[in-house]
S.K.: 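One structure follows; several queries about it will come next.
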Number of protein chains: 2
Amino acid sequence: MPKIVDPVERRQAVADAVLRVAAREGLEHASLRNVADEAGLAIGSVRHYFAGSSELMIFAMGELARRIEARIHTHAAALLDPAATGDRRERTLQLLAETLPLDAERREEAGVWLSFVTAARTRPELRGRLAKMQAGLDELVHRVLLETDRAGALTPGLDLTVETRRLSALLDGLTLQAVQHPLLVGPDELCAVLRHHLDSLAVARD
Amino acid sequence: MPKIVDPVERRQAVADAVLRVAAREGLEHASLRNVADEAGLAIGSVRHYFAGSSELMIFAMGELARRIEARIHTHAAALLDPAATGDRRERTLQLLAETLPLDAERREEAGVWLSFVTAARTRPELRGRLAKMQAGLDELVHRVLLETDRAGALTPGLDLTVETRRLSALLDGLTLQAVQHPLLVGPDELCAVLRHHLDSLAVARD
DNA sequence: GCCGTTATAGCACGGGCGGGCTAAATTCTT
DNA sequence: AAGAATTTAGCCCGCCCGTGCTATAACGGC
């Protein structure tokens, strides 16, 4: 048998190269040639693991989504599930803040993700993963609100469907603005707006 | 002297073709050739009015921005300036709702605009117009909140800086989600979320 | 040591791209 | 009628693209 290479690992390495090129030069420059160069491979090698550029893009998008979801769900598990220590309000804030681009690395990730979102508008093959991502985020937000409500920390009588959409859209919008104008909309302001929004949903605690 | 052609009009017609191609096939397909075809011109003609593709893109982006701003400011003048008729709350809602993609046409516009936003991440020459657009929207939101406050219709003690960012981000996020999932996030839900947000800022009335 | 399998490498083709450049058509002024 | 200015048209070059395809290299089982 041949050279020992873990094909899964290789595919991830190539997808990584896609994301690096997309972050640095834009998704439109993530061609097979550029990606192969970035990964230190020949173009033929890349094509050995991916049938074509379309499959590569779908996979790379999936990898990015997986990475983002993994980071969030790690915090979700740590902060949401156990009857953990610390202020519930503070924990909720930290969990949702994890979806925001609070540092340069996550801002880059968000920028590349936005590229995929934009590309999906005219490339149906990307829409599946996109919908899954958005559904996951919506569900997370919904669960957070539900939990908060169950703990009696939410203003009574709120329509959770509307509140979920509102909070989810707020997170998306903050992310979009932070990607567009990192200097104008910095981490502090992102957190302040999110904190203020959560406060506005909470029952008064004096 | 030569054939009589209004160069301003021509440039707008070509920019229009750019926007149509971008809406239909994505900004990456808005090449000089495709745009010339779409406009019913030869490639040489297009290049007579624009020095290169970069200039064309900047101009097209500017045209789109101008169009969006014009629509909003028309409503802004009609709904904000005069001590007009009708419920103040309702007028405010309608003004801000004008920034949302409530129908297919505006959804397309927003999608193309999102393409430019994404492109600007790796093309500095587009950032100028982008920043201007965002600043204009922020200022509009700020002014609306100021006016509402001046009329005494706002919960006292609000931090208008934070509220401006929050509302502006909410509008951006709603737009983004409506572009991504037009079926899931329809016009009714957009309006409902916006109305609810404005209500949450208002003093109780009854 | 040999072979089959798999990884790596990359040539070659057709096509789209931006842009330098030339040439023709058009139309107002003289 | 002649000529100058402007618009329209598009050839041609070099570059990058994806992909079909072939050739070589690496390595484990026999």
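All values below come from the heavy atoms of this structure, side chains included, with hydrogens, waters and symmetry mates left out. So that the names make sense, note that chain A is the first sequence line, chain B the second, and so on, each numbered from 1.
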S.K.: Identify the pairs formed between an N or O of the protein and an N or O of nucleotides 11-16 of chain C at a distance under 3.5 Å, and give each distance.
M.R.:
none

S.K.: Side chain of A:His48, heavy atoms from C-beta onward: which of C:dA7, D:dA9, C:dA9 has the nearest atom to it?
M.R.: C:dA7
S.K.: Measure the distance from CG on B:Leu32 to C1' on D:dG10 and round it to the nearest whole Å.
M.R.: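 Nearest whole value for this atom pair: 13 Å.
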S.K.: Could you tell me whether the side chain of A:His73 and the main chain of A:Glu69 form a donor-acceptor pair under 3.5 Å?
M.R.: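 Here the side-chain-to-backbone pair exists.
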S.K.: With the threshold set at 4.0 Å, does a side-chain nitrogen-carboxylate oxygen contact exist between B:Arg20 and B:Glu25?
M.R.: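 Between B:Glu25 and B:Arg20 there is no salt bridge, as every charged N stays at least 4.0 Å from the carboxylate O atoms.
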S.K.: Closer than 4.0 Å, any side-chain N/O of A:Tyr49 to the OP1 or OP2 of C:dT6?
M.R.: no
S.K.: What is the distance, to the nearest angstrom, from the CZ atom on B:Phe50 to the P atom on D:dT8?
M.R.: 12 Å
S.K.: Ignoring backbone atoms, establish whether A:Ser45 has a side-chain N or O less than 4.0 Å from OP1 or OP2 of C:dA9.
M.R.: yes
S.K.: Cut-off 3.5 Å, side chains only: do A:His142 and A:Glu163 have a donor facing an acceptor?
M.R.: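 The criterion, which ignores hydrogens and geometry beyond distance, is not satisfied for A:Glu163 and A:His142.
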S.K.: What is the separation between atom CD on B:Glu55 and atom P on C:dG19, rounded to the nearest whole Å?
M.R.: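 Atom CD in B:Glu55 sits about 10 Å away from atom P in C:dG19.
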S.K.: Collect all protein-nucleotide pairs involving nucleotides 23-25 of chain D in which both atoms are nitrogen or oxygen and the distance is under 3.5 Å.
M.R.:
none

S.K.: Are the side chain of A:Thr155 and the backbone N or O of A:Leu201 linked by a donor-acceptor pair below 3.5 Å?
M.R.: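 It does hold such a pair.
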S.K.: Expressed in angstrom and rounded to an integer, what is the separation of B:Arg11 atom CZ from D:dT8 atom P?
M.R.: 14 Å
S.K.: Quick one: B:His29 NE2 to D:dC17 P, roughly how many Å, whole number?
M.R.: 14 Å
S.K.: For B:Gln177 and B:Gly173, indicate whether the former's side chain and the latter's backbone hold a donor-acceptor pair under 3.5 Å.
M.R.: no
S.K.: For A:Ala120, is there any backbone N or O sitting under 3.5 Å from a side-chain donor or acceptor partner on A:Arg127?
M.R.: yes
S.K.: Give a yes or no on whether a salt bridge exists between B:Asp16 and B:Arg67, defined as a side-chain N under 4.0 angstrom from a carboxylate O.
M.R.: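 Result for this pair is yes, salt bridge flagged.
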S.K.: It should be established whether B:Arg10 places a side-chain nitrogen or oxygen under 4.0 Å from OP1 or OP2 of nucleotide D:dT7.
M.R.: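 No, outside the criterion.
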S.K.: With no hydrogens and no angle check, do the side chains of A:Asn34 and A:Glu38 hold a donor and an acceptor under 3.5 Å apart?
M.R.: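 No donor-acceptor contact under 3.5 Å links the two side chains.
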S.K.: Please check: side-chain N/O of B:Arg107 versus main-chain N/O of B:Ala178, any donor-acceptor pairing under 3.5 Å?
M.R.: no
S.K.: Grab the CG-C1' distance between A:Leu41 and C:dT6 for me, whole Å please.
M.R.: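 From A:Leu41 CG to C:dT6 C1': 15 Å.
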